[in-house]
Amino acid sequence: MPSAESSQPARWTRPDPVTTAIVVMTALGLALRLYQLSRPDYLIGVTEYDDGTDFGSAILLIHGHLPYRDFIMVQPPGITLLMAPVALVTKGVGTAWGMGVGRILTALAGAAAVTMGGLLIRRRGLLAVILTCGILAVYPAAVQAAHTVLLEPWLVLFCLAGMLAVFDGDALASTRRLVWGGVAFGFAGAIKVWAILPVLVILVLILAARQPRRAVAYAAGVVAGFAVPVVPFAALAPGTFYRSVVVAQLVRVDTVRIPLGYRLHEMTGLTDFTGLTSTLVLSLISLLILALVVGCSVAASRITGERPPLLEQFALASSALTIIAFLWPADFYYHYAGFLAPFLALAIALPVARFADALRVSGTEGTARAGGARAGAARSGDSAA
């Protein structure tokens with residue numbers, strides 16, 4: 001006979017503010033990405049160039065044509081493998097609607113990044129979650145990159161999966177999780193080799209902690225995550241793979257260098273502020289953002305007497321490396337900046353939230369000391385009386 005307690009219906013409990021913020025920001029990010037697809041011709045029309053090669057490679061694969069051996073690709077085969085199940089849909093509904101399904105899944109991947117970013121820093125409190133998820137949800141380059149089958153939303157998704165595995169709160173996770181995090185980062189590299197930037201930052205952090213065995217375990221996971229999807233194709237046409245994926249990317253010749261102003265527009269997310277067209281103005285805004293981030297990190301460390309946590313160090317270093325990588329070459333496209341979104345969001349949110357927490361704790365301790373001093377003074381007065 002069931003007990004009285006078990007027969008009672010479960011009571012609904014209100015979600016905590018952090019969970020609510022993650023859900024709300026994810027819904028906002030998804031709404032923005034789906035709104036793009038609701039615009040005329042955006043779901044099954046022609047809106048981009050790269051999506052044709054990315055999705056087309058998957059269609060060729062399901063018809064028995066292998067990348068590098070039977071056709072040229074200038075990226076690793078990660079997106080081909082991700083889109084292969086979607087390409088099967090084209091046999092029943094046609095290529096246009098198959099592309100539409102791929103675009104919807106890419107929009108979902110972009111929105112999922114908002115959730116994963118929130119889960120990554122949920123222990124840092126509400127302010128950190130709101131800033132991180134908010135930036136990921138509305139960052140223009142991330143939203144625009146998710147309007148069709150482009151690499152950046154999927155690249156970011158697997159990089160965030162790697163971060164969730166590698167970090168346990170602000171610190172490094174167990175060795176087993178480091179391996180799985182390495183696998184996620186390795187597959188991210190199989191989508192686009194830019195994943196090597198956060199991979200190297202994490203490797204340096206592990207080595208700086210004097211944990212060589214854990215560094216080897218993490219690196220082994222990265223190699224496995226990259227090699228398993230890539231080697232079978234590369235082995236069938238090693239020369240073509242090397243020339244297409246490595247040489248063609250390193251020796252790209254661009255007749256015109258993309259202006260600094262355009263790059264700053266995309267990386268700062270100020271793409272729709274028509275009044276901010278000056279490169280000088282955008283440069284000043286970028287410097288102000290940098291000063292805010294560094295200033296909050298330094299001030300928080302001085303108040304608490306502690307170094308920035310590993311996750312914050314990772315975010316700052318990965319953001320810096322990515323920005324340098326975007327400023328250095330001659331070419332730059334709007335969707336590139338989508339890769340910067342998670343690192344920039346963390347680099348802003350974590351120092352600001354840590355500084356706010358340090359001020360709050362410092363203020364609370366100061367109030368407690370003042371209250372104690374007043375109480376002591378009152379006792380002394382009573383004794384004297």
Side-chain angles (χ1 to χ4, degrees), residues 15-39 42-44 47-48 50-51 54-55 78-79 81-83 85-86 89 97-122 124 126 128-165 184-185 187-188 191-192 194-195 198 266-267 269 271-272 315 322 334-349:
D16 62 277
V18 168
T19 301
T20 301
I22 294 174
V23 172
V24 170
M25 293 301 177
T26 300
L28 173 61
L30 180 60
L32 291 174
R33 286 156 178 80
L34 292 180
Y35 168 74
Q36 288 187 132
L37 297 181
S38 70
R39 298 168 63 190
Y42 263 66
L43 183 59
I44 59 173
T47 60
E48 185 61 60
D50 286 354
D51 59 349
D54 294 336
F55 189 68
I79 193 65
L81 296 173
L82 286 172
M83 288 294 119
V86 184
V89 176
W97 278 108
M99 174 69 85
V101 173
R103 287 171 172 169
I104 292 172
L105 290 176
T106 303
L108 293 175
V114 182
T115 301
M116 297 176 76
L119 294 176
L120 179 64
I121 49 87
R122 64 191 183 279
R124 293 297 297 271
L126 183 60
V129 168
I130 291 175
L131 289 174
T132 300
C133 293
I135 292 172
L136 285 170
V138 305
Y139 190 65
V143 175
Q144 292 165 5
H147 85 278
T148 188
V149 182
L150 293 175
L151 302 179
E152 283 76 14
W154 297 100
L155 172 64
V156 166
L157 185 69
F158 281 93
C159 282
L160 280 168
M163 290 182 239
L164 274 169
F185 274 116
F187 188 80
I191 298 172
K192 201 164 190 174
W194 290 351
E266 299 300 325
M267 287 191 286
T271 54
D272 293 329
T322 303
Y334 72 93
H335 49 86
Y336 282 12
F339 176 62
L340 176 63
F343 311 119
L344 182 63
L346 292 172
I348 293 174

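For clarity, every value in this text was computed on a predicted model and none was experimentally measured.
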What's the shortest heavy-atom distance between [X] and [Y], and which atoms?
| X | Y | result |
| --- | --- | --- |
| Thr26 | Ala111 | CG2-O, 3.8 Å |
| Glu152 | Phe339 | CG-N, 4.2 Å |
| Leu157 | Ala112 | CD1-CB, 3.8 Å |

The test is side-chain contact (heavy atoms from CB on, under 4.5 Å); show your working for Trp97 and Leu43 and say whether it passes.
CA-CA 8 Å; Trp97 278 108; Leu43 183 59; 3.7 Å; yes

Gap separating the [atom1] atom of [X] from the [atom2] atom of [Y], nearest 0.5 angstrom:
| X | Y | atom1 | atom2 | result |
| --- | --- | --- | --- | --- |
| Ile121 | Thr132 | CD1 | OG1 | 4.0 Å |
| Met116 | Met163 | CE | CE | 8.5 Å |
| Gln144 | Leu32 | CD | CG | 11.0 Å |
| Ile104 | Leu34 | CD1 | CG | 7.5 Å |
| Leu37 | Ile44 | CG | CD1 | 11.5 Å |
| Tyr139 | Glu266 | OH | CD | 8.0 Å |

Main-chain N/O of Ala145 paired with Arg33 side-chain donor or acceptor, under 3.5 Å:
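No; judged by distance alone, with no hydrogens or angles, the pair does not exist.
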
Using modelled atom types only, decide if a donor and an acceptor are shared between the side chain of Arg122 and the backbone of Leu119 within a distance under 3.5 Å.
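Yes, because the side chain of Arg122 sits within donor-acceptor range (under 3.5 Å) of the backbone of Leu119.
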
Among Glu48, Arg103, Gln36, His335, find the one that has a side-chain hydrogen bond (donor to acceptor under 3.5 Å, both in side chains) with Thr148.
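Only one option passes, and that is Arg103.
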
Parallel, tilted or perpendicular: rings of Tyr336 and Trp194 (30°, 60°)
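Perpendicular: the ring planes of Trp194 and Tyr336 meet at over 60°.
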
Quick one, Leu346 with Leu120, criterion side-chain contact (heavy atoms from CB on, under 4.5 Å). Give me CA distance, side-chain angles, the key distance, then yes/no.
CA-CA 10 Å; Leu346 292 172; Leu120 179 64; 3.7 Å; yes

